Amino acid sequence: MNRRSFLRLGAGAALAAVNWRLWAAPTGGSNGRFLLVFLRGAYDALSAVVPYAEPFYYEARPHIALARPSERDPDAVIALDGRWGLNPALQDSLLPLYEAGELAFVPFAGTAFVSRSHFQAQDWIEFGHAPGTQPNPNSGFLNRLLAQLGAGSGRRPDAVSFTRTLPPVLRGGLPVANTPVRVANRRRISAGYEALLEEMYAGHPLEPMVRDGLSLRREISKELAEEMQTASRDALPASGFALEAARIGRLLRDRPEYNIGFIDIGGWDTHAAQGAARGALSGRLHDLGEGLAELAEALGPEWKRTVVVVMSEFGRTFRENGSKGTDHGHGSTLWVLGGSVRGGAIRGEQAPLGPGDLHQNRDLPVLNEYRATLAGLFARLYGLDGQALAEVFPQARPIDLGLV
Amino acid sequence: MNEDHFARYSAALAEYRQTQAALRKLKGPRGTEERKRLRQTRRDLVSGYTREILGRSLYAAVDSSEALTLFWFNHFNVYWRNELVGAALPDYVESAIRPHALGRFRDLLLAVITHPAMLVYLDNDHNVAGRINENLARELLELHTLGVTGGYGQTDVGEVARVLTGLGLRPIRPGRMPKQLAGMVREHGEFMFDPRKHDFGEKRVLGVAIPGSGFSEIETLIDLLARHPSTARHIAGKLGTFLLGDDVPEAVVANAAGVFQRTDGDIRATVRNIVQARDRVAGGRTFKDPFRFVASAVRLLAMGEPLKDVRPLSRWLAALGQPLFGRRTPDGYSLSGRDWLSAGQLTQRFELAREMVAVVPRLLEKPVSAAQIRAAPATEALVATLGPKSRHALARATRDRDYLALLLSSPEFMYW
């Protein structure tokens with residue numbers, strides 16, 4: 001079965017809008033690059049991209065709703081279209097990307113299973129197996145994607161995780177190196193000593209991991225050294241995610257063989273006093289937005305072939321709870337950004353959001369299943385065929401939302 | 001831990017709350033300054049306590065009360081930066097966890113979910129009749145007792161949340177308590193069960209009706225959860241991994257779960273049962289988590305002596321991703337060695353091994369040299385267990401310090 005007929009069968013009506021000319025020449029080709037930004041703890045999507053046209057949103061969230069668009073109110077959302085508005089905390093960082101057509105949002109996004117456990121839902125998302133099947137805890141979907149990118153090509157693509165531990169999404173058959181980017185002064189290790197370390201691990205199952213780790217360590221050290229030198233000229237972000245994102249951007253810019261990257265950010269579990277346009281959650285969103293803008297900037301020419309997806313394990317309850325926060329829900333909103341993203345729009349299926357429209361009378365329903373959505377994105381970005389996509393997301397039916 | 005310590009830690013929380021309430025009214029730069037100072041006292045309390053615990057647990061056996069106290073803290077994890085939680089943390093460990101670490105699970109569970117640290121951390125102080133916050137309810141089922149596949153649903157979460165309404169902190173200003181409710185109040189330190197906030201309707205949890213009656217509903221709930229077979233499996237599985245490592249045979253877990261159930265949640269008996277199975281557990285060794293790695297390295301370098309300063313240990317644990325009392329999310333750190341194994345973890349250990357070799361000897365009352373550590377019987381015994389490649393690399397080290405750092409970086413030293 002060729003790629004075209006597979007997708008036609010798999011995605012049904014959603015494919016009607018596919019532009020086949022674009023399809024024939026995928027934006028990134030096998031050179032596309034993908035960075036997953038995982039917000040652990042379930043961010044409140046409805047406070048980031050706000051359904052301001054829904055009266056029920058204001059009824060359900062008397063204390064934490066963000067105000068309808070208004071020229072005079074600095075705390076009002078900025079209209080993205082007739083239904084959705086952007087949290088003003090993201091105005092400086094993300095609105096320019098949206099207006100430049102490099103950022104799209106996919107609301108009603110999430111998983112085909114329902115788990116309101118952070119830890120179970122994160123695992124399931126990262127393993128990316130078909131709902132109802134027993135997930136293999138040693139196989140994450142980005143590791144399987146990496147395997148598909150390597151298939152049949154001479155060049156060895158690589159993945160990197162900017163985390164202290166290797167996340168489930170990158171576990172699997174191919175070794176993937178990880179390193180936190182928030183490191184201070186790294187100690188020097190002489191080449192002679194490194195050689196002794198490698199010798200100890202020669203032939204050991206950990207050997208590839210040690211080799212990759214030491215090589216990535218050298219890269220990061222070099223990156224930090226350059227940062228020190230240029231810090232006086234470039235205005236480098238002072239701290240927080242923006243600093244990490246700038247480092248990641250420069251590292252990816254200088255190491256084009258990294259086709260896949262991962263970083264996670266915690267602290268989104270806002271059960272109490274999450275605030276509205278000002279407050280704890282908007283503060284975190286502000287930092288996230290600043291970081292993404294830094295990343296785009298630092299990637300330079302590489303921004304053109306990079307796609308960044310921001311997602312969480314699930315959404316939060318449509319109604320606020322008894323303590324001006326929100327509890328664990330279901331549907332969420334994906335952010336998709338990059339130099340070749342067809343953005344400036346809200347993409348994917350949508351549904352009404354009245355009192356009778358919620359999933360289990362409490363959550364945003366899921367209409368854009370994440371495996372299908374990402375599979376469709378990977379098809380475009382990497383030119384993967386149906387067979388390859390089925391390895392990455394078994395039994396998924398790729399949907400092309402026209403994101404790139 | 002002596003009585004003075006207890007008193008000091010429980011007073012710390014009360015004091016913190018009083019000061020915090022007083023400062024709320026203090027406006028202007030002086031208020032900002034004083035609040036900053038208060039946060040600093042909380043930080044100092046936690047870091048002082050962390051040092052105390054690190055010093056005590058460095059040489060503790062894995063099945064000791066000391067080690068099990070940390071196991072249970074991790075099982076019932078709270079995060080100190082969450083406002084009051086820091087001020088409550090030492091008291092949480094010393095009064096809610098340590099006395100029950102080898103005791104009865106039910107008592108431990110009740111002590112934990114009525115402690116201000118847990119109630120604030122998981123927002124139950126906001127969980128009030130008619131204004132439900134289900135954070136603690138969900139984690140109580142998922143993490144603390146049944147486990148995520150333990151057989152409960154969203155309805156159970158909601159019903160448990162209703163049972164837990166009213167568990168919170170004593171109000172700073174008491175307010176009026178209706179006479180007919182006054183007898184139902186439960187108080188202990190800063191903890192209070194406030195009947196004014198409790199939902200007195202009937203609840204149904206896991207098919208069992210719990211009639212509205214006040215605090216005794218919570219005891220009924222705790223009994224129900226502590227005696228549930230899913231809880232026995234969940235706890236036995238976690239203890240098995242903690243005590244024996246990855247891939248504990250199913251039969252060992254099932255056996256331990258049986259002991260847990262038959263003894264009505266006797267932790268000491270369950271631990272003993274698992275430890276006795278140690279010899280029957282064949283197979284692969286387990287990658288050390290950062291705590292095991294740092295502790296074993298420091299023990300080797302300190303040659304069995306206590307340290308006069310454990311601050312560097314805190315830093316090393318943080319660098320490896322497992323700072324003591326530093327886990328933000330309620331699931332606690334992973335007990336599985338496999339979850340810690342990564343390229344970044346290994347290279348970070350290589351770096352830290354060199355630093356440890358340089359620093360640990362200086363933390364002893366009587367400093368020792370690298371040459372002395374190298375010649376110590378424990379070191380020689382360890383080297384004798386290494387494979388030929390590691391021994392060959394060690395033989396090529398030109399300095400004693402490099403020799404020791406390579407030993408701590410060897411593949412053999414990464415596993416237990």
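No hydrogens, no waters, no symmetry mates; every other heavy atom, side chains included, goes into these values. The sequence lines fix the lettering, A, B, ..., with proteins before strands; numbering per chain opens at 1. What you see is a predicted model, and the numbers here were worked out from it, not measured in a lab.
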Check: A/Y201 main-chain N/O paired with B/K389 side-chain donor or acceptor under 3.5 Å: no

Short question: side chain of A/N321, backbone of B/N133 - any donor-acceptor pair under 3.5 Å? no

With respect to chain B, which residue among A/H204, A/K324, A/Q360 yields the maximal number of heavy-atom pairs within a distance under 4.5 Å? A/H204

Please lay out, stage by stage, how A/R171 and B/D339 fare under the test side chain to side chain contact (heavy atoms under 4.5 Å, CB included). CA-CA 10 Å; A/R171 285 188 209 149; B/D339 289 346; 3.2 Å; yes

Most heavy-atom pairs under 4.5 Å with chain A, out of B/E412, B/R338, B/Q154, B/H392, belong to B/Q154

Quick one: which of B/D125, B/T149, B/L341, B/N127 has the most heavy-atom pairs under 4.5 Å with chain A, could you say? B/L341

Pair B/R328 + A/D269: basic N to acidic O under 4.0 Å: no

Assert top hit (heavy-atom pairs under 4.5 Å, partner chain A, pool B/Q345, B/M414, B/R396) equals B/R396

Can you tell me which of B/A405, B/A393, B/A343 forms the most heavy-atom pairs within a distance under 4.5 Å of chain A? B/A343

Region of A/R362 in contact with chain B, defined by heavy-atom distances below 4.5 Å: side chain

Start with the C-alpha gap between A/R164 and B/W340, add the side-chain angles, then the distance that decides, and say whether side chain to side chain contact (heavy atoms under 4.5 Å, CB included) holds. CA-CA 9 Å; A/R164 226 176 258 289; B/W340 291 101; over 6 Å; no

Among B/L386, B/L394, B/L122, B/D123, which residue forms the greatest number of heavy-atom pairs with chain A at distances under 4.5 Å? B/D123

Region of A/H271 that comes under 4.5 Å of a non-hydrogen atom in chain B: both

Using a cut-off of under 4.5 Å for heavy-atom pairs, which of B/V148, B/N135, B/V128 has the most such pairs with chain A? B/N135

Part of A/R211 within contact of chain B (heavy atom distance under 4.5 Å): neither

Quick one: do A/R217 and B/E351 make a salt bridge, cutoff under 4.0 Å? yes

Check for me whether B/R354 meets the cation-pi criterion with A/Y193, that is, NZ or CZ under 6.0 Å from the six-membered ring centre and within 45 degrees of the ring axis. yes

